Amino acid sequence: MSFENLGLRPEILAGIAAEGYTIPTPIQEQAIPVILAGKDILAGAQTGTGKTAAFTLTLLQYLSTTHLNPRGKAPRALVLAPTRELAAQVAESIRNYGKGLGIRSTVIFGGVGMMPQIQRLQKGVEIVVGTPGRLLDLVGQQKLDLSQIEVLILDEADRMLDMGFIHDIRKIIRLVPPKRQTLFFSATYSREIKALSDTILFKPERVEVARENTAAENVDQTVYHVPKSVKRDALSHLITDGKWEQVLVFTKTKHGANRLAQQLNRDGITATAIHGNKSQSARTRALEDFKDNKVCALVATDIAARGLDIDRLSYVVNYELPHVAEDYVHRIGRTGRAGASGEAISLVCPDETKLLHAIERLLKKDIPVSKIEGMSHAPRVEVLPIMPHLRGDDSRGARKPFAAKGRGSRAGGNSGSYRSGGGGRSSSEDGYRSGGRDSSEGGYRSGGRSSEGGYRSGGRSNPNASSRGTSNGGGQGRRSSARV
Ligand code: AMP
């Protein structure tokens, strides 16, 4: 399957080529034709599968080919996302893929001034991407009119529910027209997700590319059992010894993230922290510095890292295991994106054994345990400045207490499977179909779960159903009768 066969228009195909994508990912292959046909979609797709392009490309195609009823300044499409970072990334994808199409879009989230967002809305946009809270604020101030929305997209719906956005989402649903196309993306399928999707989707097509709660299978997972007191040494050692150029490190708390970033810097490893207590500009800067390779380690909490898309990120480290096992899957999904390979390493201390077991239960498999040699090394003694004589020869940087067993450096050698050029691996080596990774062994599994309680439709009572019919028989293909 090629992008040309999916029914996308030449301008959009040019945008895809400019991104360097050669073949559609499985979610794109399955979802794009359905979306272009104007249907609602219930997509089970984890981050990293190429889902953003699946809904962005089709949205751009729809908006750029339908001008049946110009609607002034009110936006025609709304994308809801759980975090600012994800919203910003989606908005960036829209800008990138939509170059030359003349479609105006904007991104709205909290934590930054409202005025620029209001000014942008007043100029008129076709697409608004945003997090629910700030969107509702702006609606409340009558700065945002959602009454002309034709396409509503929920990205990472499960994350939005986890973050307590259910009421905001329901409010937003009441503000958008019942006649619309709704695209619903969620990595997992819980009772809550089913309840929400049942009420907002109309006869959705189910599309699924990865089992729920399943870690991407192209991510190598390893556990190192280490006492809490030597975690930091272990991490510094892994980074320096493995010559890692970029690693995303997860901590449980914001304070822990700050402290670890400082400690890594003291160890000679450039590091910065990203979490919810930082201002939006600090978060943006931290992410940019990391993406630009100005810092080696980005230390993050779960919320801040949600949805982060970092090209060719090879290493994710769980400095502390998450309390919620599902977060492990989301964390390690930052690497191994779009078919590239990656490594996820967990430093597990005795206190965390229960959390590890919960994760393994979720994954339905044990994570291989490996050893960092030299574990007899005494834990680092944090020396207070008041006792400089105790500092001894603890010369950071020079010490190499551990030697990772059997883990070669992957620095820089990892590239995306679907992308051509620039990655160091030719597409023939690692493409989904060319590289010996057929869909039956890959993380991007298609279909096959309709009867297993996966993305099931039916049994719904859709308040929109009666008003949405497809009565006019179309002529314009998608949405012609129902939406315009
Ligand atoms: P997402 O699942 O939307 O977060 O996307 C994951 C990553 O895959 C992003 O870095 C995209 O740029 C990349 N990507 C999306 N579609 C393709 C494709 N067809 N070929 C190569 N890379 C892609």
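Both counts, for ligands and for their atoms, begin at 1 and track the order of listing. Everything numeric in this text was worked out from a predicted model, so none of it was measured.
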Salt bridge flag under 4.0 Å for residues Asp327 and Arg331: no
Atom indices of ligand 1, in the order listed, that fall short of 4.0 Å to a heavy atom of Thr52: 1 (P), 3 (O), 4 (O)
N/O separation below 3.5 Å, Tyr97 to ligand 1: no
Location of contacts on Phe3 toward ligand 1, heavy atoms closer than 4.0 Å: side chain
Polar side chain donor-acceptor pair, Gln221 to Tyr328, under 3.5 angstrom: yes
Salt bridge present between Lys365 and Glu360 (N-O < 4.0 angstrom): no
Contact (N/O only, under 3.5 Å) between Gln28 and ligand 1: yes
Ligand 1 to Pro24 polar contact by distance, N or O atoms, under 3.5 Å: no
Proximity to ligand 1 by part of Gln89, non-hydrogen separation under 4.0 Å: neither
Whether Ile23 lies under 4.0 Å from ligand 1, heavy atom: yes
Note: Arg159-Asp302 ion pair, threshold 4.0 Å (strictly below): no
N-O pairing of Glu205 and Lys39 below 4.0 Å: yes
Contact list for residues 4-15, test side-chain hydrogen bond (donor to acceptor under 3.5 Å, both in side chains), sequence neighbours left out: Ser2-Glu4, Ser2-Asn5, Arg9-Glu11, Arg9-Ser64
